[in-house]
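No hydrogens, no waters, no symmetry mates; every other heavy atom, side chains included, goes into these values.
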Amino acid sequence: MGLEKRSVAIIGAGVSGLAACKHLLERGCRPVVFEAGDAVGGVWPSAMEGTRLQAPRHMYRYSDFPWPDSVTEMFPNQRQVADYLHAYARRFDVLDCVRLGHRVTGMEYVGVAEEEVAAWDEWAGCGEAFGSGDGEWRLTVADAEGHIEPGEGFLLSILATVLTPLRLMISKFAESYYSIPMKKHGMVPDHSFFEGMVGCMLSTTPKDHYKNLEEGIIVIKKSKTFGFCKEGVLVEGESTLVKSDIVIFGTGFNGDQNIKDMFISKYFHTIVVGSTSTATPLYRECIHPKIPQLAVIGYSDNYANVYTSELRSKWLAYFMDGGFRLPSVKAMQRDVLECEKVMKRYSREESRTPCIGLLPTWYNDRLCEDMGCNPRRKNGFFAELFESYGPDDYNDLHPK
């Protein structure tokens with residue numbers, strides 16, 4: 001059966017969901033994309049004004065869709081990024097597949113007993129994308145008014161949520177240089193610059209940040225705990241309260257919990273993110289060895305995640321179209337552990353942040369090899385040796 005007759009759901013119309021939909025459309029599949037917000041583009045349409053990219057624009061783009069000539073800034077702003085992503089969705093007819101204002105509140109695997117799923121030696125029972133055809137994902141979806149729609153069934157669901165001494169020397173230099181103003185204002189983190197680079201924890205400061213600190217416009221209070229009282233905020237270690245009219249929580253979100261809460265099944269809820277000391281166990285950062293007919297795109301981080309998500313989407317679409325079979329469950333689990341050992345060789349032992357920032361080209365090479373494509377994308381030996389990789393190198397990657 002061809003992809004055009006397969007029912008596929010994509011949850012989220014952000015950077016990863018748009019790429020996944022585009023590459024499935026190219027192979028004849030017409031997925032349904034559920035987006036809780038009122039626009040495509042993930043967090044970008046609703047991001048605060050003044051928010052900018054952390055990566056330069058030539059690295060933060062799809063390989064076959066360059067930025068428009070009107071965008072000349074090295075780090076485009078929130079509106080420019082949102083417009084770019086919307087233009088991508090319009091150009092490749094992704095918008096017609098998106099259901100805006102539809103939030104997936106739960107998903108349940110039906111048709112096969114959990115005991116049987118847990119005992120499978122092959123992913124989905126046979127190592128193929130759609131399994132034997134007995135099981136499917138039943139999604140619970142709420143519209144913008146909160147009304148629950150009848151559960152739809154889908155055969156496959158997509159959650160679109162080598163070092164050199166020179167690099168080490170550069171990181172030590174950068175750590176020494178940038179820690180001067182950070183030390184002055186008590187901003188030096190517990191991890192080193194190199195560990196931050198490995199764990200995708202580096203970011204640029206907002207415009208005039210240190211100037212605002214010097215002038216007292218911004219005051220930093222370091223504390224692990226805080227509490228509230230009638231007049232403001234009580235900070236641990238401070239004898240006086242911080243008088244506040246408004247408190248804004250900028251504490252981020254718990255991605256692990258968001259994924260766990262998607263599952264109605266206690267079994268999937270328990271195994272999906274692994275233990276507290278390991279990273280989420282995803283083969284090729286996409287497939288959980290023990291959860292059938294489900295893929296995750298964009299959960300592990302990278303400094304330029306657009307073309308990484310695009311390459312993963314190509315890999316996934318190729319797999320769904322019968323391009324290859326997955327290894328056995330045990331083989332995938334061993335591969336996940338080996339990859340984690342490599343990542344943790346250069347990061348803190350307690351770190352479980354899913355990030356491929358250290359070895360993005362090595363990771364991309366593995367996806368290329370799975371698709372039967374040459375991972376060496378450069379023209380010539382010296383270009384391969386000295387030039388960095390980016391979106392342009394994967395523009396002409398077309399697995400059969």
Between Tyr389 and Glu384, a side-chain donor and acceptor under 3.5 Å: yes
Sub-4.5 Å side-chain heavy-atom contact between Val247 and Phe228: yes
Enclosure of Asn374 CG (heavy-atom neighbours >12, cutoff 6.0 Å): yes
Polar side-chain atom of Asn77 near backbone of Gln80 as donor-acceptor pair, under 3.5 Å: yes
Heavy-atom check, side chain of Trp315 versus side chain of Arg284, under 4.5 Å: yes
Side-chain (Thr308) to main-chain (Val306) donor-acceptor, under 3.5 angstrom: no
Salt bridge present between Glu26 and Lys22 (N-O < 4.0 angstrom): yes
Ser309 backbone acceptor or donor facing Ser313 side chain under 3.5 Å: yes
Cluster check Leu25, Phe92: I/L/V/M/F/W/Y, side chain < 4.5 angstrom: yes
Contact summary for Thr105 and Val141, nearest pair of heavy atoms: OG1-N, 4.4 Å
Cationic N near anionic O, under 4.0 Å, Asp83 to Arg79: yes
Centroid-centroid distance, Tyr84 to Phe65, less than 6.0 Å: yes
side-chain hydrogen bond (donor to acceptor under 3.5 Å, both in side chains) against Glu149, all qualifying residues, sequence neighbours excluded: His102
Working for side-chain contact (heavy atoms from CB on, under 4.5 Å), residues Leu397 and Leu311: CA-CA 9 Å; Leu397 190 148; Leu311 194 56; 4.2 Å; yes
Under 3.5 Å donor-acceptor, His58 side chain and Pro66 backbone: no
Considering all heavy atoms, the nearest Ile291-Trp123 contact: O-NE1, 2.9 Å
Sub-4.5 Å side-chain heavy-atom contact between Glu310 and Val15: no
Under 3.5 Å donor-acceptor, Glu4 side chain and Gly28 backbone: no
Glu238: salt bridge (charged side-chain N to carboxylate O under 4.0 Å, His left out) partners, not counting sequence neighbours: Lys221
Heavy-atom side-chain proximity of Val40 to Leu85 below 4.5 angstrom: no
Ser328-Glu122 side chain donor-acceptor pair, cut-off 3.5 Å: no
All salt bridge (charged side-chain N to carboxylate O under 4.0 Å, His left out) counterparts of Arg30, not counting sequence neighbours: none
Check against side-chain contact (heavy atoms from CB on, under 4.5 Å), Ile10 and Leu159: CA-CA 6 Å; Ile10 298 174; Leu159 294 178; over 6 Å; no
Common cluster, Ile264/Val104, ILVMFWY with side-chain heavy-atom separation under 4.5 Å: no
Trace of the side-chain contact (heavy atoms from CB on, under 4.5 Å) decision for Asp261 with His269: CA-CA 7 Å; Asp261 289 345; His269 185 279; 3.8 Å; yes
Arg90 and His86: side chain donor to acceptor below 3.5 Å: yes
Single-linkage hydrophobic cluster Phe324~Val329, side-chain heavy atoms < 4.5 angstrom: no
Pairing residues for Asp96 by the side-chain hydrogen bond (donor to acceptor under 3.5 Å, both in side chains) criterion, not counting sequence neighbours: none
Within-4.5 Å side-chain heavy-atom neighbours: Asp121 and Lys330: no
Pairing residues for Ala383 by the side-chain contact (heavy atoms from CB on, under 4.5 Å) criterion, not counting sequence neighbours: Lys378, Glu387
Arg376 atom CZ: more than 12 heavy-atom contacts under 6.0 Å: no
Heavy-atom closest pair, residues Arg27 and Tyr318: NH2-CD1, 3.5 Å
Least distance between heavy atoms, Pro292 atom then Ala124 atom: CB-CA, 3.6 Å
Under 3.5 Å: donor-acceptor pair, side chain of Gln78, backbone of Thr51: no
Flag side-chain contact, heavy atom, 4.5 Å: Cys368 against Tyr394: yes
Between Trp67 and Tyr88, ring centroids under 6.0 Å: no
side-chain contact (heavy atoms from CB on, under 4.5 Å) partners of Val43, counting only residues at least two apart: none
Any residue meeting salt bridge (charged side-chain N to carboxylate O under 4.0 Å, His left out) with Asp69, in chain and number order, not counting sequence neighbours: none
Those residues that, when tested against His147, pass side-chain contact (heavy atoms from CB on, under 4.5 Å) (two or more places apart): Asp143, Glu145
Atom CG of Asp396: over 12 foreign heavy atoms under 6.0 Å: yes
Counterpart residues, ring-ring contact (aromatic ring centres under 6.0 Å, His included), relative to Phe268 (two or more places apart): Trp137, Phe263
Those residues that, when tested against Lys314, pass salt bridge (charged side-chain N to carboxylate O under 4.0 Å, His left out) (two or more places apart): none
Any residue meeting side-chain contact (heavy atoms from CB on, under 4.5 Å) with Leu385, in chain and number order, not counting sequence neighbours: Phe381
Pairing of Glu285 and Arg312 as salt bridge, 4.0 angstrom limit: no
Under 3.5 Å donor-acceptor, Asn212 side chain and Asp208 backbone: yes
Verify same cluster id: Ile287, Met371 (apolar side-chain graph, 4.5 Å): yes
Contacts of type side-chain hydrogen bond (donor to acceptor under 3.5 Å, both in side chains), residue Ser265, not counting sequence neighbours: Glu114
Stepwise ring pair (Phe, Tyr, Trp, His ring centres under 6.0 Å) check, Tyr62 with Tyr307: CA-CA 5 Å; Tyr62 298 105; Tyr307 83 90; over 10 Å; no
Any donor-acceptor pair under 3.5 Å from Arg103 side chain to Ala36 backbone: no
Heavy-atom closest contact (Val117 atom, Lys290 atom, distance): CG1-O, 4.0 Å
Common cluster, Trp362/Leu367, ILVMFWY with side-chain heavy-atom separation under 4.5 Å: yes
Least distance between heavy atoms, Pro281 atom then Val273 atom: CD-C, 3.7 Å
Within 6.0 angstrom of Glu215 CD, more than 12 heavy atoms from elsewhere: yes
Close side-chain approach of Arg57 to Val81, heavy-atom, < 4.5 Å: no
Parallel, tilted or perpendicular, as decided by the 30° and 60° cut-offs, for the rings of Phe154 and Phe34: perpendicular
Side-chain heavy-atom pair Val272, Met262 within 4.5 angstrom cut-off: no
